[in-house]
A.B. asks: 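I have a structure I would like to understand better, so I am pasting it below and will then ask my questions one at a time.
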Amino acid sequence: MCASTSTIQTSNKLGVTPLLLEGTEPQRRRYLPEVAAGDALMAYALSEREAGSDIAAMRCRATATEEGGWALEGVKTWITSAGVARYLIVFAVTDPGAGSRSISAFVVHAEDPGLNYGEPERKMGLKGSVTREVYFDDCRIPADRLLGQRGRGLHLALGTLDHTRVSVGAQALGIAQGALDTAVSYVRERRQFGQALADFQGVQFMLADMAMRVESARQMVYAAAARSTARARDLTYFGAAAKCLASDAAMAVTTDAVQLLGGYGYTKDFPAERMMRDAKITQIHEGTHQIQRLVVARNLG
Ligand SMILES: Cc1cc2nc3c(=O)[nH]c(=O)nc-3n(C[C@H](O)[C@H](O)[C@H](O)COP(=O)(O)OP(=O)(O)OC[C@H]3O[C@@H](n4cnc5c(N)ncnc54)[C@H](O)[C@@H]3O)c2cc1C
């Protein structure tokens, strides 16, 4: 399982989902076929340096221009596929002081004037997926790039995350399953004290816990995926719970996999250390696991 590849796909889904949820028919026809054909990639620009978990604190501004379009000004941070994606869904403040209706969403094209990118971030993992800052310097876009209704951006951003957190849960599940498979095959081959590691009860107990974590994550992710497809009312709860449970499972299982491979687990010659580094991001991007717990707690019946 390659976490970089799945991140490219999940961030593309972050860009596509707002169009599916609230895009106009012309907007959907304009962008979705190109993306579905694999000819264009999308990015999702929500986070800022001072607005990560607290996205409502964003400062990036979109101001209506005399020509009837919009001018974007500000900086977005941690944007997956920035500089590679042809289209970006950008969230910006259009109505300061309007509370939950202060933010709107826009489609920005890579070739729009006033759009620039920072250097690639030097990350712990996900080395095959590029992450950059995005700079908007009087970036002018036409009126038909407003996505959904003015002032619905926060609602749209959160509604999008409900669906895409399921995908991060699936990403975490894949990493965890890969780590379990790696550990099982290693302990069956590796011999110490005259027997296979797999024959030690201490190792078996670890494997059993790892397997149960992986299977719990699978069941939760599948339950959430069904709710995403059905656009069920309890998707917010299930999306957050699936991402939280699966990402915590991935972190625990990959850490145990490194342990079971001993010194070899700590080297780049075996895949476990990469899985452990990649598992960490699933507890952070698209909302940290603390934030998922807040969402779960707020959605208890
Ligand atoms: C590799 C990578 C790719 C990313 N891709 C994208 C992308 O494509 N688009 C995009 O918009 N963003 C992206 N992000 C941003 C990501 O979603 C944020 O990093 C994440 O939401 C956390 O925000 P922050 O980094 O500002 O941390 P902070 O919000 O500063 O949080 C720091 C710590 O404080 C905790 N914390 C904060 N608030 C609370 C609270 N109320 N209760 C308890 N604990 C709290 C957090 O859980 C965390 O542990 C990406 C990030 C990374 C690292």
Side-chain angles (χ1 to χ4, degrees), residues 2-18 35 41-60 72 74-93 103-108 110 115 117-136 147 153-154 156-169 171-172 175 239-240 243-244 247-248 250-251 274 276-299:
C2 174
S4 292
T5 308
S6 66
T7 292
I8 293 165
Q9 290 168 347
T10 52
S11 69
N12 186 58
K13 180 178 170 182
L14 272 169
V16 166
T17 305
V35 176
L41 198 61
M42 299 204 68
Y44 183 82
L46 180 66
S47 304
E48 298 182 6
R49 289 177 194 167
E50 304 299 331
S53 302
D54 183 12
I55 56 168
M58 74 172 60
R59 295 204 191 131
C60 190
L72 294 167
V75 179
K76 291 289 176 183
T77 309
W78 304 117
I79 309 310
T80 300
S81 298
V84 181
R86 193 174 294 169
Y87 307 112
L88 299 92
I89 303 298
V90 179
F91 295 85
V93 176
I103 294 167
S104 303
F106 300 89
V107 187
V108 175
L115 177 66
Y117 306 103
E119 288 297 310
E121 302 291 349
R122 296 176 302 143
K123 305 190 297 283
M124 173 194 281
L126 294 187
K127 305 280 190 184
S129 154
V130 69
T131 317
R132 288 188 170 99
E133 285 198 326
V134 182
Y135 308 117
F136 301 94
L147 176 50
L154 192 59
L156 181 57
L158 296 175
T160 296
L161 289 170
D162 285 347
H163 290 276
T164 57
R165 282 172 178 162
V166 183
S167 304
V168 179
Q171 174 183 48
I175 296 169
K243 179 188 184 288
C244 191
S247 63
D248 286 356
M251 199 65 244
R274 176 187 172 190
M276 186 176 164
R277 287 184 287 110
D278 285 343
K280 190 64 208 170
I281 192 60
T282 66
Q283 293 180 315
I284 297 173
H285 66 178
E286 299 200 28
T288 64
H289 65 169
Q290 289 102 317
I291 295 302
Q292 307 310 318
R293 285 179 165 85
L294 286 183
V295 175
V296 167
R298 284 176 188 156
N299 283 276

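Sequential numbering from 1 along the given sequence is applied to the chain's residues. When a ligand or atom number is given, it counts from 1 through the structure's own listing order.
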A.B. asks: Is the shortest heavy-atom distance from the side chain of Thr164 to the side chain of Thr10 under 4.5 Å?
C.D. replies: no

A.B. asks: Please classify the Ser11 to ligand 1 contact at 4.0 Å (heavy-atom distances, strictly less than): side chain, backbone, both or neither.
C.D. replies: neither

A.B. asks: May I ask whether atom 44 (N) of ligand 1 is less than 4.0 Å from at least one protein heavy atom?
C.D. replies: yes

A.B. asks: Considering only heavy atoms of Ile284, which atoms of ligand 1 have at least one such atom less than 4.0 Å away?
C.D. replies: 20 (C)

A.B. asks: Identify the heavy atoms of Ile79 and Ala43 that sit nearest to each other, and give their distance.
C.D. replies: CG2-CB, 4.1 Å

A.B. asks: Checking the side chain of Asn12 only, and the main-chain atoms of Met42 only, is there a donor and an acceptor separated by less than 3.5 Å?
C.D. replies: yes

A.B. asks: Within a strict 4.5 Å, meaning less than it, do heavy atoms of the Ile281 and Lys123 side chains meet?
C.D. replies: no

A.B. asks: Classify the contact between Thr7 and ligand 1 as side chain, backbone, both or neither, using a heavy-atom distance cut-off of under 4.0 Å.
C.D. replies: neither

A.B. asks: For Arg59, enumerate each residue passing the salt bridge (charged side-chain N to carboxylate O under 4.0 Å, His left out) test, keeping only those at least two apart in sequence or located in another chain.
C.D. replies: none

A.B. asks: Hey, which of Lys13, Gln9, Glu286 is the one that makes side chain to side chain donor-acceptor pair (under 3.5 Å) with Ser167?
C.D. replies: Lys13

A.B. asks: Only heavy atoms of Tyr44, strictly under 4.0 Å: list the atoms of ligand 1 that pass.
C.D. replies: 7 (C), 8 (O), 9 (N), 10 (C), 11 (O)

A.B. asks: So which heavy atom in the protein is nearest atom 41 (N) of ligand 1, and how far is it from that ligand atom?
C.D. replies: Leu294 CD1, 3.6 Å

A.B. asks: Within the protein, is there a heavy atom lying under 4.0 Å from atom 53 (C) of ligand 1?
C.D. replies: yes

A.B. asks: Can you list the atoms of ligand 1 that are under 4.0 Å from a heavy atom of Lys123?
C.D. replies: 1 (C)

A.B. asks: Who's the nearest protein heavy-atom neighbour of atom 15 (C) of ligand 1, and how far?
C.D. replies: Ser47 OG, 3.2 Å

A.B. asks: Name the option, out of Ser53, Gly52, Gly15, that contains the heavy atom nearest to atom 28 (P) of ligand 1.
C.D. replies: Ser53

A.B. asks: Heavy-atom distance from atom 47 (O) of ligand 1 to the protein below 4.0 Å?
C.D. replies: yes

A.B. asks: For a 4.5 angstrom cut-off between non-hydrogen side-chain atoms, does Val108 reach Leu115?
C.D. replies: yes

A.B. asks: For the residue pair Ser4 and Lys127, confirm or rule out a side-chain donor-acceptor distance under 3.5 Å.
C.D. replies: no

A.B. asks: Counting from 1, what ligand 1 atoms have a heavy atom of Leu46 closer than 4.0 Å?
C.D. replies: 11 (O)

A.B. asks: Quick one: does His285 get an N or O within less than 3.5 Å of an N or O on ligand 1?
C.D. replies: no

A.B. asks: Which heavy-atom pair separates Ile8 from Gly128 by the least distance, and what is that distance?
C.D. replies: CD1-O, 3.8 Å

A.B. asks: Are any of the N or O atoms of Arg49 closer than 3.5 Å to those of ligand 1?
C.D. replies: no

A.B. asks: What is the closest protein heavy atom to atom 39 (C) of ligand 1, and at what distance does it sit?
C.D. replies: Ile291 CD1, 3.9 Å

A.B. asks: Give me the nearest non-hydrogen protein atom to atom 49 (O) of ligand 1 as residue plus atom name, then the distance to 0.1 Å.
C.D. replies: Gln290 NE2, 3.1 Å

A.B. asks: Any donor and acceptor pair, going by atom type alone, linking the side chain of Lys243 with main-chain N or O of Ala172 inside 3.5 Å?
C.D. replies: no

A.B. asks: Which bit of Ile281 is near ligand 1, meaning a heavy atom under 4.0 Å away: side chain, backbone, both or neither?
C.D. replies: side chain

A.B. asks: Just jot down the ligand 1 atoms closer than 4.0 angstrom to any heavy atom of Glu286, in number order.
C.D. replies: 17 (O)

A.B. asks: So is Leu14 in contact with ligand 1, going by heavy-atom distances below 4.0 Å?
C.D. replies: no

A.B. asks: With only distance considered, is Asp54 within less than 3.5 Å of ligand 1 through an N or O on each side?
C.D. replies: no

A.B. asks: Pairs of nitrogen or oxygen atoms closer than 3.5 Å, one from Thr80 and one from ligand 1: do any exist?
C.D. replies: yes

A.B. asks: Which heavy atom of Tyr117 sits nearest to which heavy atom of Val134, and what is that distance?
C.D. replies: CD2-CG2, 4.1 Å

A.B. asks: Could you find the nearest protein heavy atom to atom 6 (C) of ligand 1 and give me its residue, atom name and distance?
C.D. replies: Trp78 O, 2.6 Å

A.B. asks: Please confirm whether Phe106 and Phe91 have ring centers closer than 6.0 angstrom.
C.D. replies: no

A.B. asks: Which pair of non-hydrogen atoms, one from Leu46 and one from Ala157, has the smallest distance, and what is that distance?
C.D. replies: CD1-CB, 3.9 Å

A.B. asks: Do any non-hydrogen protein atoms sit less than 4.0 Å from atom 32 (C) of ligand 1?
C.D. replies: no

A.B. asks: Are any of the side-chain heavy atoms of Gln283 and Thr288 separated by less than 4.5 Å?
C.D. replies: no

A.B. asks: Considering only protein heavy atoms, which is closest to atom 22 (C) of ligand 1, and at what distance to one decimal place?
C.D. replies: Thr288 CG2, 3.9 Å

A.B. asks: Counting N and O atoms only, with roles assigned by atom type, does the side chain of Ser129 sit under 3.5 Å from a partner on the main chain of Leu126, one being a donor and the other an acceptor?
C.D. replies: no

A.B. asks: Starting from atom 21 (O) of ligand 1, find the nearest protein heavy-atom neighbour and note its residue, name and distance.
C.D. replies: Gly287 N, 3.9 Å

A.B. asks: Any N or O on Glu48 sitting closer than 3.5 Å to an N or O of ligand 1?
C.D. replies: no

